[in-house]
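Taking it in order: structure first as structure tokens, then the write-up.
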Amino acid sequence: MTMTITGEPKTNTVPYSDFAKFENQEITITGTVHNIRMMSDFAFVILRTARETIQCVYAESFSDYRMPPELKEECAVKLTGKVVAGETKDGGKRYEIQIHGIDILSHPAEIPPVVITKKQVQCDLNTDLDYRPVTLRNPKERAVFKFQEGIQRGFREYLMSQGFTEIHTPKINFAGAEGGANLFGLDYFGKKVYLAQSPQLYKQALVAVYERVFEIAPVFRAEHHDTSRHLNEYISMDFEMGFIDGFEDIMNMETGVLKYIMNLLKTEYKNEVELLRADIPEITEIPVIKFMEAKEILMKKFKYKPSDMKDFDPEEEQLLGKYAKKQFNSDFIFVTHYPSRKRPFYTMDDPDDPEYTLSFDLLFRGMEITSGGQRVHDYFAQVEKMKRLGMNPDEFDTYLMLHKYGAPPHGGLGLGLERLTMHLLGFKNVREAAMFPRDINRVTP
Ligand code: ATP
Ligand code: MG
């Protein structure tokens with residue numbers, strides 16, 4: 001008979017969370033030898049599994065089995081042994097395995113170039129990034145990206161519960177959406193095209209189709225400087241929603257998203273939160289101030305002399321973070337009504353004061369993590385604004401189909417995944433929150 005495939009998923013290991021069910025029984029698990037200490041008649045093996053490390057002990061008295069002398073760190077193994085319970089400091093149970101047998105599935109050719117068996121990888125950030133495929137094996141380091149999964153999952157789950165549709169928009173585009181000098185140009189069969197700086201123009205088009213859409217995907221910014229907050233490729237969590245009454249609807253949705261994410265992290269990612277000592281904020285409400293109010297606070301309260309009255313520099317963002325903490329006991333603060341001249345062409349100007357826009361940024365612990373706002377939905381208003389900004393509307397005819405053929409009032413935002421991760425985990429450098437970061441000097445590994 002020919003072979004058939006039934007779709008039965010492979011389960012070859014018992015997760016630590018199930019060990020209680022197997023107390024005093026023999027089980028077989030798979031994993032990698034993370035750390036090993038061999039004495040003549042006694043050994044400790046720390047086995048690294050998908051999300052945990054499991055302590056396994058060997059003593060000659062356990063069985064007739066004898067440890068293979070060729071077993072070393074980073075060997076992939078199938079390990080059989082008895083689950084036994086020990087006591088933790090707080091009276092709970094901690095399980096370990098008494099080794100009865102080890103089947104070595106693979107041997108590393110060389111020992112790792114950096115020490116990954118200690119709590120923290122033992123090298124500087126640059127070396128760590130050079131060896132990321134290896135350094136990510138360190139339990140603490142890999143926990144960062146499990147934790148980051150939790151953030152994306154929270155974003156997705158919450159928005160889906162609010163009737164959003166998940167989309168994927170092209171990353172090779174005819175024009176940039178966000179302006180500025182940070183576009184990556186690309187030769188596309190002899191034509192000049194650009195890597196997407198954001199999904200902005202497409203997510204707007206899709207508001208007229210699905211009303212509420214979101215995307216979690218990479219975006220590209222040719223940042224010409226080497227800073228601790230910029231990557232050249234980062235993950236943008238975007239959403240866009242139609243039929244809004246104002247941009248407050250967007251800020252409310254974002255606050256709901258963030259509350260959901262924080263709760264998910266505290267519950268389903270508890271081990272990672274503890275291992276990383278993540279500082280998860282309690283969010284009840286987020287204070288809102290206007291851009292010009294913020295500038296006044298900076299000048300009056302902090303005696304700061306702004307170099308640019310159209311935007312904030314990093315130091316100003318830090319001071320506003322301090323202000324939010326002191327004044328409102330909040331790690332977050334929304335700043336609204338940014339000057340029209342600093343916001344992209346799709347931003348709606350405030351009809352009461354067109355020098356300013358119906359837009360906002362969200363600062364978290366003193367750094368921008370989100371820009372958002374209401375967009376222009378009227379065709380004539382959008383064409384007029386483009387012309388005023390020196391743009392040629394004819395070059396944007398596909399984008400303007402949205403407006404020409406009718407669009408609901410709408411708005412949305414972009415939230416930088418690595419920036420949010422960075423500040424939840426207290427990192428000084430955004431690169432630590434990117435699995436394989438791309439910056440001005442780095443395209444490998
Ligand atoms: P900044 O002023 O901090 O450079 P921006 O205003 O240029 O950011 P936006 O275009 O508003 O960035 O992008 C939305 C969000 O995407 C930002 O709030 C931030 O969280 C994130 N972000 C933007 N650029 C980068 C980057 N180069 N690396 C990592 N995250 C970024
Ligand atoms: Mg911004």
Side-chain angles (χ1 to χ4, degrees), residues 148 151-152 155 173 176-184 194-201 203-204 214-240 247 250-251 254 257-258 261 291 294 306-308 310-318 320-321 332-347 357-375 411-425 427-442:
Q148 193 169 69
I151 298 176
Q152 299 172 64
F155 188 82
N173 288 329
E178 309 301 330
N182 63 5
L183 268 172
F184 276 116
Y194 303 94
L195 289 178
Q197 283 171 309
S198 81
Q200 186 61 33
L201 309 188
K203 65 177 180 166
Q204 281 187 256
F214 75 93
E215 176 167 11
I216 304 174
V219 294
F220 305 89
R221 309 267 173 116
E223 308 285 0
H224 296 276
H225 34 239
D226 188 356
T227 80
S228 58
R229 57 191 265 161
H230 291 102
L231 298 160
N232 286 338
E233 174 178 346
Y234 70 91
I235 306 291
S236 184
M237 304 197 290
D238 272 83
F239 75 68
E240 200 71 19
F247 69 98
I250 313 292
M251 296 195 288
E254 178 166 33
V257 166
L258 288 169
I261 290 174
F291 180 87
S307 56
D308 180 2
K310 300 274 179 288
D311 207 349
F312 297 123
D313 60 35
E315 205 177 331
E316 288 176 288
E317 287 183 6
Q318 276 206 349
L320 289 171
F332 294 90
I333 185 164
F334 280 115
V335 182
T336 64
H337 300 88
Y338 276 68
S340 188
R341 276 209 276 159
K342 275 284 167 168
R343 294 303 247 208
F345 65 89
Y346 52 76
T347 313
T357 54
L358 300 178
S359 72
F360 66 89
D361 271 13
L362 179 62
L363 310 188
F364 176 42
R365 297 185 176 147
M367 189 182 288
E368 174 192 331
I369 59 162
T370 289
S371 281
Q374 182 158 1
R375 327 298 191 187
L413 57 75
L415 169 58
L417 177 62
E418 294 84 352
R419 289 246 183 118
L420 178 56
T421 309
M422 169 186 179
H423 288 287
L424 286 170
L425 298 181
F427 292 154
K428 297 265 174 305
N429 194 317
V430 71
R431 288 162 183 77
E432 290 182 70
M435 214 178 241
F436 296 106
R438 265 70 183 117
D439 64 32
I440 193 162
N441 299 310
R442 180 180 290 283

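One-based numbering, in listed order, for ligands and for the atoms of each.
For Ser371, the nearest N, O or S atom to the Mg ion (ligand 2) falls under 2.8 Å. Note on Glu368: counted as a metal contact of the Mg ion (ligand 2), an N/O/S atom lying under 2.8 Å.
Under a 3.5 Å cut-off, the side chain of Asn232 and the backbone N or O of Glu223 do form a donor-acceptor pair. The backbone N or O of His423 sits less than 3.5 Å from a side-chain atom of Arg365, completing a donor-acceptor pair. Judged by distance alone, the side chain of Arg221 and the main-chain N or O of Leu231 form no donor-acceptor pair under 3.5 Å. Between the side chain of Asn429 and the main chain of Glu432, no donor-acceptor pair closer than 3.5 Å is present.
Taking a 4.0 Å cut-off on heavy atoms, Ile369 registers as neighbouring ligand 1. Using a non-hydrogen distance threshold of 4.0 Å, Glu418 does not register as a contact of ligand 1.
Interface atoms of ligand 1 facing Leu231, defined by a heavy-atom separation under 4.0 Å, are 26 (C), 27 (N), 28 (N), 29 (C). Interface of Thr370 with ligand 1, defined as ligand atoms under 4.0 Å from a residue heavy atom, comprises 18 (O). Using a 4.0 Å cut-off to heavy atoms of Ser371, the atoms of ligand 1 that qualify are 11 (O), 18 (O).
Using cut-offs of 30° and 60° on the angle between ring planes, the pair Phe332 and Phe364 is parallel.
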Exercise for review: Walk me through it: do Arg341 and Asp311 pass the test salt bridge (charged side-chain N to carboxylate O under 4.0 Å, His left out)?
Suggested key: CA-CA 10 Å; Arg341 276 209 276 159; Asp311 207 349; over 6 Å; no

Review point. What's the verdict on side chain to side chain donor-acceptor pair (under 3.5 Å) for Glu254 and Thr370, showing C-alpha distance, side-chain angles and the deciding distance?
Key: CA-CA 9 Å; Glu254 178 166 33; Thr370 289; 2.7 Å; yes

Review point. Given the rule in the side chain to side chain donor-acceptor pair (under 3.5 Å) test, do Arg343 and Thr357 qualify, once you have shown the distances and angles that lead to the verdict?
Key: CA-CA 8 Å; Arg343 294 303 247 208; Thr357 54; 4.7 Å; no

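In terms of polar-atom proximity, Gly416 is counted as a contact of ligand 1, with an N or O under 3.5 Å from an N or O of the ligand. Considering backbone and side-chain N/O atoms, Gly414 never comes within less than 3.5 Å of an N/O atom of ligand 1.
In this structure, Glu317 pairs ionically with Arg229, as a charged nitrogen and a carboxylate oxygen lie closer than 4.0 Å.
When the options Tyr234, Phe312, Phe364 are ranked by their closest heavy atom to atom 25 (C) of ligand 1, first place goes to Tyr234. Between Arg221, His225, Glu368, it is Glu368 that holds the heavy atom closest to atom 2 (O) of ligand 1. Of the listed options His230, Lys342, Arg419, Arg419 places a heavy atom closest to atom 19 (C) of ligand 1.
The backbone and the side chain of Arg229 each have at least one atom closer than 4.0 Å to an atom of ligand 1 (non-hydrogen atoms only).
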